[in-house]
Engineer: 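For reference, the structure I am asking about is given below.
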Protein chains: 4
Amino acid sequence: MARPKPLNRRADILDAARDTFNARGFAGARMDDIARAVGISKAALYLEFPSKNALFQALVSELIETMLPQAAPADFGDLSAELILRNFIAFMAERLTDPQMAFVPRVIIGEGANFPELAAFYHRHVIGRGLGILERIIRHGIGRGELVCADLPQATRTIVGGILLAAIWKTTFEPVGAEPIEPSAMAQAHADTLLCGLLVRKDAA
Amino acid sequence: MARPKPLNRRADILDAARDTFNARGFAGARMDDIARAVGISKAALYLEFPSKNALFQALVSELIETMLPQAAPADFGDLSAELILRNFIAFMAERLTDPQMAFVPRVIIGEGANFPELAAFYHRHVIGRGLGILERIIRHGIGRGELVCADLPQATRTIVGGILLAAIWKTTFEPVGAEPIEPSAMAQAHADTLLCGLLVRKDAA
Amino acid sequence: MARPKPLNRRADILDAARDTFNARGFAGARMDDIARAVGISKAALYLEFPSKNALFQALVSELIETMLPQAAPADFGDLSAELILRNFIAFMAERLTDPQMAFVPRVIIGEGANFPELAAFYHRHVIGRGLGILERIIRHGIGRGELVCADLPQATRTIVGGILLAAIWKTTFEPVGAEPIEPSAMAQAHADTLLCGLLVRKDAA
Amino acid sequence: MARPKPLNRRADILDAARDTFNARGFAGARMDDIARAVGISKAALYLEFPSKNALFQALVSELIETMLPQAAPADFGDLSAELILRNFIAFMAERLTDPQMAFVPRVIIGEGANFPELAAFYHRHVIGRGLGILERIIRHGIGRGELVCADLPQATRTIVGGILLAAIWKTTFEPVGAEPIEPSAMAQAHADTLLCGLLVRKDAA
DNA sequence: TATGAATGAGATTTCATTCAT
DNA sequence: CATGAATGAAATCTCATTCAT
């Protein structure tokens with residue numbers, strides 16, 4: 001047999017690693033499982049990645065790099081900030097609750113303290129960039145006289161926090177009996193609350 | 001050796017357990033370490049708690065039981081829902097970012113998938129009760145004509161999500177260089193956004 | 001409260017020990033279990049018996065001492081050896097398959113290698129005396145012209161072996177589906193085979 | 001280290017396991033000891049057998065499968081039942097008192113109650129088949145007018161019981177001072193008693 | 001390049017036994 | 001007498017990582 005295209009080897013490993021980390025977390029995932037899922041030997045894994053840590057970091061990098069650029073348009077033009085924000089929230093909610101991605105925040109949060117480089121990497125490349133996009137969106141809305149915001153950095157965390165909680169809910173609590181969340185409905189309700197607030201509005205809106 | 005005051009034994013263990021889980025997560029924490037930190041034998045640990053799981057759950061219980069009752073008054077009486085909610089948010093933000101508590105969500109989120117009883121316990125005793133209090137607060141506000149809310153369960157998650165993100169931020173990202181968060185300021189800004197929303201209000205508010 | 005008659009203490013312990021050894025074997029029986037069954041502390045056990053071994057030996061002794069003297073009359077007088085032997089077999093079959101005694105051979109056989117004193121004790125006090133009685137019975141029969149036997153020691157083992165197998169059958173194999181044995185029927189058939197042999201007899205008997 | 005011929009690995013483990021179970025029983029045998037006896041690490045043991053139980057069962061299976069088929073001819077033809085029976089007894093006595101096999105009944109009897117699958121397996125594959133062969137032999141003798149037997153199942157247990165007792169004697173009581181048994185002499189005496197009975201025969205035999 | 005085989009270093013949990021009170 | 005509390009010493013099983021081939 002011709003050896004099956006070694007070019008895909010790395011991608012195959014990352015796929016299997018994603019599934020395994022997703023199912024069992026970082027510490028719980030066994031290199032054995034990943035190797036078996038790819039159909040190669042454990043030792044072959046170590047030819048491609050020098051350690052479990054390195055494999056995990058490569059995987060997270062890869063996933064992030066393909067996700068973030070799609071979260072919001074590069075140039076907002078004349079678009080309503082509300083619309084851009086609603087789309088951002090819907091997109092992130094969809095992605096973070098996607099079984100393929102869900103393990104990422106879970107593992108970062110759970111084992112970030114044990115793997116500082118991981119936390120740093122994630123902070124710089126994911127949190128930092130994600131919140132940066134949100135700041136730009138809100139500034140865009142303020143500039144258009146559409147939004148108000150007294151504390152920009154905290155507002156971005158308020159927005160992201162709800163999405164993150166939904167992702168955690170889905171992967172951690174639904175399997176043990178929590179009421180299921182539907183991402184798009186959740187995204188809409190989240191956006192409604194964030195945009196309109198909970199206080200009764202006396203204006204026409 | 002003289003037996004050291006047995007009344008503190010259980011509390012000493014819980015203290016040491018808290019520090020150890022805090023430093024190494026659930027799977028990473030060794031019963032040996034906890035025992036050594038208390039200054040007793042591993043077997044003595046098993047006299048007080050039948051398993052690592054039980055020890056962790058007892059610890060979380062203890063922390064939660066002393067925290068939740070203070071988060072909101074048992075009877076809201078004539079109090080403004082806004083006030084109650086602001087106090088709840090401020091209190092929870094303060095507590096969850098306290099280094100003594102911070103490990104709890106981190107461990108649950110990170111390792112909940114591997115230890116379903118842990119996740120189930122936390123969901124029932126912490127999440128469930130916390131969100132329950134929030135629902136009661138919002139219902140109280142709606143009853144008073146003070147608040148509106150189309151999707152109650154999701155609104156509670158929007159509120160909690162921001163607080164949770166702040167806790168994670170403090171323990172996971174600040175150590176690797178993230179801009180520090182001040183809990184009370186964060187709580188106020190979070191409450192402002194949630195109550196008033198981001199959209200410009202045309203009413204007098 | 002008056003302390004409950006300490007005279008029964010030792011007997012209560014032996015009772016509980018018998019039940020526990022019966023249910024879990026020697027290694028499997030925990031001193032904790034025995035103490036709890038008596039309703040005393042583990043330490044109180046050690047006031048009465050210096051070790052698990054000693055407790056087991058005392059128990060076996062007690063059981064044996066009350067059993068053996070009844071197995072055969074001290075003086076055979078003019079009794080038919082066949083009758084004495086049939087009675088002995090019936091008595092032993094009854095006793096060894098009694099749930100109260102059944103654990104004894106099981107434990108001796110199973111763990112005798114690990115506890116040589118146990119095996120030695122049992123060999124001296126039970127096997128030795130039991131086989132001694134059998135030898136006396138057969139000698140009595142030979143003296144009367146009633147029995148023949150070329151190899152006395154082996155004949156006694158042939159007799160005891162069948163009884164022992166029945167005891168083992170009852171406690172080890174019946175619980176996993178073996179056809180049940182009725183001790184008195186088994187004793188009769190065993191005696192018939194031993195006395196008459198399997199070969200067709202051409203004499204009038 | 002050079003890897004020692006992997007083909008023998010499994011057999012080497014079984015050999016060491018046999019010795020260890022022989023010396024210490026099932027519960028008493030430590031995987032560490034077995035591994036050290038083979039000259040491999042404990043972990044290597046678990047590559048070949050998933051658990052201590054599995055190792056034990058594999059060992060017993062192996063020993064039984066090589067033993068039973070040799071105990072009696074498949075077709076008795078015109079052979080005297082007495083001859084077949086004497087051969088069966090001699091063969092089994094030889095095998096069961098062989099130090100290599102002796103631990104099997106000992107462990108089954110002693111620890112069968114704690115490991116029901118083990119007892120069930122042994123009952124079905126060893127006891128059942130062994131007694132089946134004996135029944136066939138006796139039926140053969142009855143058909144030839146050579147033997148009589150009123151209670152077939154019990155007669156088989158009478159036969160096997162003596163052999164079993166000899167095996168137990170050799171491994172449990174000889175080490176603590178019992179008079180040694182010589183298997184072939186024992187087998188002959190056992191067969192004599194079983195065939196001719198203890199009662200004086202008045203016929204010419 | 002690829003792997004089967006091997007392992008070192010633990011981890012949790014158990015229990016007979018002791019001893020201060 | 002009685003005990004609650006304590007422990008040392010094991011025992012089974014796991015897994016990331018290595019290396020001869």
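Note on naming: letters A, B, ... go to the chains in the order of the sequence lines (proteins, then strands), and numbering restarts at 1 for each one. Nothing here was measured: the structure is a model prediction, and the numbers come from that model.
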Engineer: Heavy atom of residues 16-36 of chain C under 4.0 Å from DNA chain F: which residues?
Structural biologist: none
Engineer: Who passes side-chain hydrogen bond (donor to acceptor under 3.5 Å, both in side chains) against D33(D), sequence neighbours left out?
Structural biologist: R30(D)
Engineer: Using atom OH of Y46(B) as one end and atom P of dA16(E) as the other, report the distance to the nearest whole Å.
Structural biologist: 18 Å
Engineer: Roughly how far, to the nearest 0.5 Å, is OG of S41(D) from CE of M31(D)?
Structural biologist: 11.0 Å
Engineer: Taking the side chain as everything from C-beta on, heavy atoms only, tell me whether D19(D) gets closer than 4.5 Å to I34(D).
Structural biologist: no
Engineer: Distance check, rounded to the nearest 0.5 Å: T66(B) atom OG1 versus M101(B) atom CE?
Structural biologist: 7.0 Å
Engineer: Would you compute the distance between atom CG of L45(A) and atom CZ of R36(A) and round it to the nearest 0.5 angstrom?
Structural biologist: 12.0 Å
Engineer: Classify the angle between the aromatic ring planes of F56(B) and F21(B) as parallel (below 30°), tilted (30 to 60°) or perpendicular (above 60°).
Structural biologist: perpendicular
Engineer: Return the value, rounded to whole Å, for the distance between atom CZ of F49(B) and atom C1' of dT12(E).
Structural biologist: 16 Å
Engineer: Represent DNA chain F in dot-bracket notation, 5' to 3'. Only Watson-Crick or G-U wobble pairs with both distances under 3.5 Å count; pseudoknot-style crossings use [ ] and interstrand partners use |.
Structural biologist: .||||||||||||||||||||
Engineer: More 5' along DNA chain F: L47(C) or N53(A), using each one's nearest nucleotide?
Structural biologist: L47(C)
Engineer: A side-chain contact here means heavy atoms from C-beta on lying under 4.5 Å apart; do I40(C) and I13(C) qualify?
Structural biologist: yes
Engineer: Sorted by first residue and then second, give each salt bridge (charged side-chain N to carboxylate O under 4.0 Å, His left out) pair with at least one member in residues 99-108 of chain D; sequence neighbours left out.
Structural biologist: none
Engineer: Under 4.0 Å between a side-chain nitrogen and a carboxylate oxygen: does that hold for R18(B) and D15(B)?
Structural biologist: yes
Engineer: N53(B): which residues meet the side-chain hydrogen bond (donor to acceptor under 3.5 Å, both in side chains) condition with it, sequence neighbours left out?
Structural biologist: E117(B)
Engineer: Starting at the 5' end of DNA chain E, which residue's closest nucleotide do you reach first, K52(B) or E48(D)?
Structural biologist: E48(D)
Engineer: Can you pull out the residues from residues 38-45 of chain A that lie within a 4.0 Å heavy-atom distance of DNA chain E?
Structural biologist: I40(A), S41(A), K42(A), A43(A), A44(A)
Engineer: Side-chain contact, heavy-atom cut-off 4.5 Å: V107(B) with Y122(B)?
Structural biologist: no
Engineer: Between R9(A) and dT1(E), is there a side-chain N or O to OP1/OP2 distance below 4.0 Å?
Structural biologist: no
